[in-house]
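Position 1 is the first residue of the sequence, and the numbers go up from there. Being a predicted model, the structure only gives us computed values, none of them experimental.
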Amino acid sequence: MNSPFTFIHSAPKDMEHGKLYPAVFLMHGMGSNEHDLPGLLNDIKDQCHIFSLQGPIIHEPGYAFFTIEEFGKPHRKVFDQVVLHIMNFIEEALTEYSIDAEKIFLMGFSQGAILAKSLAFAMGKEKLAGIVALSGYIPEFVKNEYKKHSIEGMPVFISHGTYDMALPYQWGEASRDFFIEHGADVTFKRFEDGHGVTPEIASLLVIFLKENMK
């Protein structure tokens with residue numbers, strides 16, 4: 001693929017010729033890499049394509065998708081560019097892999113969740129079947145300045161820890177409310193922990209994806 005991203009891909013098991021399959025595109029958090037999230041989807045990896053992207057910016061000990069101007073405010077130019085690159089990556093993947101265009105999902109943690117939430121509006125329900133956003137927020141410029149495609153009825157799974165010291169829990173609630181205001185079908189899970197993914201959340205997000213891949 002002609003892409004700025006390093007990525008890893010796993011295909012469904014025992015693929016049938018001519019059959020199209022769901023796809024999940026994964027985006028990690030700041031300082032991590034493309035190997036961070038695929039393990040969360042082990043229970044469904046035989047049923048779908050999984051693309052895990054590595055952020056293009058070095059951020060020790062790993063990588064990042066965008067840089068930060070100040071707390072809760074990404075650098076707009078960098079953010080806009082990576083959003084465009086991810087959309088182009090998905091479009092190219094559709095032409096090269098046996099992907100069902102009506103069953104495309106995004107999943108991200110932290111920076112990846114910020115991108116998943118933003119891409120939900122940048123792409124809309126015409127191109128996305130749902131998102132999973134783990135411990136993120138929606139940048140104000142996305143809320144106020146992005147052209148928003150309809151997310152009416154889009155399945156959206158959001159989780160956030162009440163003791164999150166990296167990105168405040170209230171930001172998770174605010175993004176939940178914003179999605180509800182725009183008509184999304186929101187599943188919101190709070191958990192009594194910090195900036196991470198608990199075993200319970202890991203189980204619930206897999207159930208969410210299974211149900212919406214049918």
So do the side chains of [X] and [Y] get within less than 4.5 Å of each other, counting heavy atoms only?
{"X": "Phe157", "Y": "Met107", "answer": "no"}
{"X": "Ile90", "Y": "Lys127", "answer": "no"}
{"X": "Phe5", "Y": "Ile86", "answer": "yes"}
{"X": "Ile8", "Y": "Pro38", "answer": "yes"}

The side chain to side chain donor-acceptor pair (under 3.5 Å) partners of Ser175 (sequence neighbours excluded) come to Lys117
Can you list everything that forms a side chain to side chain donor-acceptor pair (under 3.5 Å) with Thr198? Sequence neighbours excluded, please. none
Side chains of residues 179-196: which donor-acceptor pairs under 3.5 Å do they make with residues two or more places apart or in other chains?
residue: His182; atom: ND1; partner: Phe178; partner atom: O; Å: 2.9
residue: Arg190; atom: NH2; partner: Glu192; partner atom: OE2; Å: 3.3
residue: Glu192; atom: OE1; partner: Thr162; partner atom: OG1; Å: 3.0
residue: His195; atom: ND1; partner: Asp164; partner atom: OD1; Å: 3.1
residue: His195; atom: ND1; partner: Asp164; partner atom: OD2; Å: 2.7
residue: His195; atom: NE2; partner: Ser110; partner atom: OG; Å: 3.0

Only counting residues at least two apart or in another chain, list the ones meeting salt bridge (Lys or Arg N to Asp or Glu O under 4.0 Å) with Lys103. none
For [X], the rest of its hydrophobic cluster, which grows through side-chain links under 4.5 angstrom:
{"X": "Tyr21", "value": "Met15"}
{"X": "Met165", "value": "none"}
{"X": "Leu20", "value": "none"}

Could you state whether [X] and [Y] fall into the same hydrophobic cluster, counting links through intermediate Ile, Leu, Val, Met, Phe, Trp or Tyr residues with side-chain heavy atoms under 4.5 angstrom apart?
{"X": "Val24", "Y": "Ile99", "result": "no"}
{"X": "Met213", "Y": "Leu205", "result": "yes"}
{"X": "Ile68", "Y": "Trp171", "result": "yes"}
{"X": "Ile57", "Y": "Phe89", "result": "yes"}
{"X": "Ile151", "Y": "Met87", "result": "yes"}

Nearest atoms (heavy-atom pairs only) where [X] meets [Y]:
{"X": "Met27", "Y": "Leu119", "result": "SD-CD1, 4.2 Å"}
{"X": "His149", "Y": "Gly124", "result": "CB-CA, 3.6 Å"}
{"X": "Val197", "Y": "Phe109", "result": "CG2-CD1, 4.0 Å"}
{"X": "Asn212", "Y": "Phe105", "result": "O-CZ, 3.4 Å"}

Using a 3.5 Å cut-off and no angle test, enumerate the donor-acceptor pairs between side-chain atoms of residues 46-56 and protein atoms at least two apart in sequence or in another chain.
residue: His49; atom: ND1; partner: His9; partner atom: NE2; Å: 2.9
residue: His49; atom: NE2; partner: Ser98; partner atom: O; Å: 3.2
residue: His49; atom: NE2; partner: Ser98; partner atom: OG; Å: 3.1
residue: Ser52; atom: OG; partner: Glu34; partner atom: O; Å: 2.6

Check: Gly39 main-chain N/O paired with Asn42 side-chain donor or acceptor under 3.5 Å: yes
For the pair Gln111 (side chain) and Phe66 (backbone), establish whether a donor and an acceptor sit closer than 3.5 Å, ignoring hydrogens and angles. yes
Sorted by first residue and then second, give each salt bridge (charged side-chain N to carboxylate O under 4.0 Å, His left out) pair with at least one member in residues 205-214; sequence neighbours left out. none
Crowding at OH, Tyr63 (>12 non-hydrogen neighbours, <6.0 Å): no
Kindly check if the number of other-residue, nucleotide or ligand heavy atoms within 6.0 Å of CD (Glu69) is above 12? yes
Throw together a table of side-chain donor-acceptor distances under 3.5 angstrom for residues 128-147, partners on residues two or more places apart or in other chains.
residue: Asn144; atom: ND2; partner: Glu140; partner atom: O; Å: 3.2
residue: Glu145; atom: OE1; partner: Arg76; partner atom: NH1; Å: 2.8
residue: Tyr146; atom: OH; partner: Asp80; partner atom: OD1; Å: 2.6

What's the verdict on side-chain contact (heavy atoms from CB on, under 4.5 Å) for Leu26 and Leu40, showing C-alpha distance, side-chain angles and the deciding distance? CA-CA 10 Å; Leu26 306 179; Leu40 293 174; over 6 Å; no
Interatomic spacing from [atom1] in [X] to [atom2] in [Y] - rounded to 0.5 Å:
{"X": "Ile104", "Y": "Met123", "atom1": "CD1", "atom2": "CE", "value": "6.0 Å"}
{"X": "His35", "Y": "Asn33", "atom1": "NE2", "atom2": "CG", "value": "5.5 Å"}
{"X": "Leu41", "Y": "Leu209", "atom1": "CG", "atom2": "CG", "value": "6.5 Å"}
{"X": "Ser159", "Y": "Tyr169", "atom1": "OG", "atom2": "OH", "value": "10.5 Å"}
{"X": "His75", "Y": "Glu70", "atom1": "NE2", "atom2": "CD", "value": "9.0 Å"}

Before you tell me yes or no, could you show the steps for Phe79 and Ile114 under side-chain contact (heavy atoms from CB on, under 4.5 Å), namely the whole-Å CA-CA distance, both residues' side-chain angles and the distance that decides it to 0.1 Å? CA-CA 10 Å; Phe79 191 87; Ile114 296 165; 3.8 Å; yes
All side-chain contact (heavy atoms from CB on, under 4.5 Å) counterparts of Ala101, not counting sequence neighbours: Leu94
Can Val82 and Leu115 be said to form a side-chain contact (heavy atoms from CB on, under 4.5 Å), step by step? CA-CA 9 Å; Val82 80; Leu115 284 165; 3.7 Å; yes
Which residues satisfy the ring-ring contact (aromatic ring centres under 6.0 Å, His included) test with His160, sequence neighbours excluded? none
